[in-house]
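Excluded from the calculations below are hydrogen atoms, water molecules and symmetry mates; all remaining heavy atoms, backbone and side chain alike, are included. By convention here, the first residue in the shown sequence is residue 1.
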Amino acid sequence: MKFIHLSDLHMGKRVNEFSMLEDQKYILGQILSIVKAEQPDGVILAGDVYDKAVPPAEAVQVFDSFLTGLAALHTAVFVVSGNHDSAERLAFGAGLMSGSRVYVTPVYDGRITTVAMEDAWGEVQVHLLPFLKPALVRHAFPGESAETSEEAVKTALSHLDIDTDKRNVLAAHQFVTGASLSESEELAVGGLDQISASVFADFDYVALGHIHGPQWVGRETVRYCGTPLKYSFSEAGQEKSVTVAELGPKGEVLVRTIPLKPLRDMRKLRGTYLEVTAKSFYEGTNREDYVQITLTDEEDIPDGMQKLRVIYPNLMRLEYDNRRTRQGQQIQAAEAVEEKSGLQLFEEFYELQNNGPMSGEQREFAGKLIDRVLEGEGR
């Protein structure tokens with residue numbers, strides 16, 4: 001039985017204030033072509049369908065078109081909610097869609113959706129586990145251990161009736177210890193959201209989402225497929241792909257990847273201003289790519305961003321690496337932090353995580369909360 005494993009579409013995402021929607025629409029069209037060619041029995045979307053709990057209408061429309069395209073190819077589709085998704089919004093219409101073999105996880109209430117499929121070697125059970133926070137599991141199973149993410153997932157899976165004689169596939173959206181990270185993931189402070197790969201010992205294949213780089217963790221059949229697009233410059237060297245998992249008889253799983261070619265790549269460029277603007281430097285490359293340029297000139301280039309965008313219209317970030325920045329960077333950063341209030345630092349963190357500023361009400365609430373914390377420390 002063949003599955004195509006996808007995750008972390010992050011529909012509607014903006015990177016350095018650039019909308020990725022056109023790129024996402026393009027890559028989803030490419031994925032539909034791969035599905036048509038591969039003719040899998042199922043497509044798994046392992047969470048973070050959207051980048052925000054309330055996604056833009058255009059992002060919803062593009063994803064709806066993608067689902068419609070998959071349904072037209074007569075393949076089953078399995079969707080679990082991720083930490084960026086609103087489980088309630090994602091589950092809207094799930095009952096109706098299941099009639100078209102599009103299975104979407106409901107809001108977690110202690111039950112895990114399982115779909116049975118059949119092939120020449122017997123039954124395959126596909127289990128859909130949405131992104132879990134310990135509080136959700138404690139609410140569903142009061143009195144049971146669920147203080148950490150690992151305990152929460154263990155408790156949730158302990159209530160799943162698994163027949164280990166059959167082949168079992170799990171779709172989940174969690175952070176498995178040992179996975180290599182990129183800059184674009186959102187993780188809990190202190191590693192409280194980490195779980196061990198051993199939690200998934202009963203499953204023949206685990207289709208994971210949450211980590212943006214393709215990789216396996218613990219064993220080759222516990223896998224992150226990664227994002228279909230690059231969402232940070234830390235991913236510039238990665239090759240994005242879709243993962244194909246083929247289950248033969250019990251215990252036999254073949255995994256391979258199919259590379260994806262984006263509409264615009266994400267690249268890092270480095271050199272002096274004269275070097276990066278020389279025709280020989282950019283000739284033969286796609287100047288529409290998203291780029292980060294690091295200039296090594298000792299003096300800043302006046303209006304450097306605007307000038308460079310004449311050649312590289314999708315320049316996202318301009319940095320300098322020279323004697324001044326190497327000597328002063330750490331000192332300036334330390335001074336800047338010391339000059340800012342706790343509320344200012346929290347506002348910057350909020351805007352970084354949510355791609356937008358706090359509202360007045362949120363700012364007032366955060367300010368009062370920080371004041372209460374500081375008062376408690378002073379006692």
Taken to the nearest 0.5 Å, the spacing of D165 CG from I162 CD1 works out to 12.0 Å

Other residues, nucleotides and ligands only: do more than 12 of their heavy atoms fall within 6.0 Å of CD on E118? yes

Check the surroundings of atom CZ in F281: do more than 12 heavy atoms from other residues, nucleotides or ligands lie under 6.0 Å from it? yes

Would you find more than 12 non-hydrogen atoms of other residues, nucleotides or ligands less than 6.0 Å from D163 atom CG? yes

Given side chains that start at C-beta, do those of N168 and D202 come closer than 4.5 Å, heavy atoms only? no

Could you give me the CA-CA distance, side-chain angles and deciding distance for E123 and Q125, then say whether side chain to side chain donor-acceptor pair (under 3.5 Å) is met? CA-CA 6 Å; E123 189 173 299; Q125 294 198 323; 3.1 Å; yes

Y50 vs F63, ring pair (Phe, Tyr, Trp, His ring centres under 6.0 Å): CA-CA, chis, key distance, verdict: CA-CA 9 Å; Y50 297 110; F63 181 63; 5.7 Å; yes

Intermediate values then yes/no, side-chain contact (heavy atoms from CB on, under 4.5 Å), M1 and M117: CA-CA 9 Å; M1 186 166 292; M117 303 180 72; 3.7 Å; yes

Taking G213's backbone N and O only, do any of them form a donor-acceptor pair with Q215's side chain (distance below 3.5 Å, no angle check)? yes

Take T177 and Q194, measure what side chain to side chain donor-acceptor pair (under 3.5 Å) needs, and give me the verdict at the end. CA-CA 5 Å; T177 305; Q194 296 187 29; 3.3 Å; yes

If you count every heavy atom of other residues, nucleotides or ligands that lies below 6.0 Å from K36 atom NZ, does the total exceed 12? no

Please report the shortest heavy-atom distance between P262 and L229, naming the atom on each side. CB-CD2, 4.0 Å

What do you reckon, is CZ of R309 surrounded by more than 12 foreign heavy atoms closer than 6.0 Å? yes

Got a second to check how far M11's CE is from H84's NE2, nearest 0.5 Å? 14.5 Å

Is there a side-chain contact between K2 and V244 in this structure, where contact means two heavy atoms from C-beta onward sitting under 4.5 Å apart? yes

Starting from the C-alpha separation in whole Å, work towards a yes-or-no answer on side-chain contact (heavy atoms from CB on, under 4.5 Å) for D48 and N83. CA-CA 6 Å; D48 280 356; N83 58 302; 3.3 Å; yes

What is the distance from atom CG of D321 to atom CZ of R324, rounded to the nearest 0.5 Å? 10.5 Å

Side-chain H-bond candidate by donor/acceptor type, H5 with Y205, under 3.5 Å: yes

Other residues, nucleotides and ligands only: do more than 12 of their heavy atoms fall within 6.0 Å of CD on E275? yes

If you group Ile, Leu, Val, Met, Phe, Trp and Tyr by side-chain heavy-atom gaps below 4.5 Å, do I195 and Y108 land in one group? yes

Check T294, I293, D300 against L318 for a side-chain contact (heavy atoms from CB on, under 4.5 Å) and give me the one that passes. I293

L263 side chain near I27 side chain, heavy-atom distance below 4.5 Å: no

Taking the side chain as every heavy atom from C-beta outward, state whether F200 and L157 have any pair of such atoms under 4.5 Å apart. yes

What's the shortest heavy-atom distance between A207 and I44, and which atoms? CB-CG2, 3.9 Å

May I ask you to establish whether K230 and Y290 are in a cation-pi arrangement, using a distance under 6.0 Å from NZ or CZ to the six-membered ring centre and at most 45° from the ring axis? no

Candidate pair L269 and Y312, rule side-chain contact (heavy atoms from CB on, under 4.5 Å), full reasoning: CA-CA 11 Å; L269 305 177; Y312 306 100; 3.7 Å; yes

Derivation of the ring pair (Phe, Tyr, Trp, His ring centres under 6.0 Å) call for F203 and H127: CA-CA 9 Å; F203 299 94; H127 310 279; 5.7 Å; yes

Does the pair E151 and S145 meet the rule for a side chain to side chain donor-acceptor pair (under 3.5 Å), with working shown? CA-CA 6 Å; E151 290 178 351; S145 181; 3.1 Å; yes

Mind telling me whether F141 and H159 have parallel, tilted or perpendicular rings, with 30° and 60° as the class edges? parallel

For a quick test of reading the model, state the closest non-hydrogen atom pair linking R267 to N286 and the distance between them. NH2-O, 3.6 Å

Applying side-chain contact (heavy atoms from CB on, under 4.5 Å) to V217 and F175, what does each step give before you reach the verdict? CA-CA 10 Å; V217 190; F175 176 28; over 6 Å; no

dist L132:CG -> S149:OG (nearest 0.5 Å) comes out at 8.5 Å

Minimum-distance pair of heavy atoms, taken over all atoms of M266 and M316: CE-SD, 4.2 Å

Residues, nucleotides or ligands: over 12 heavy atoms within 6.0 Å of K25 NZ: no

When you measure from the side chain of R101 to the backbone N and O of S98, does any donor-acceptor pair fall under 3.5 Å? no

For Y103 and F78, take the angle between the two ring planes, folded into 0 to 90°, and tell me which bin it lands in: parallel under 30, tilted 30 to 60, perpendicular over 60. parallel

For a 4.5 angstrom cut-off between non-hydrogen side-chain atoms, does S7 reach C225? yes

Less than 4.5 Å apart, side chain to side chain, heavy atoms only: is that true for D297 and N322? no

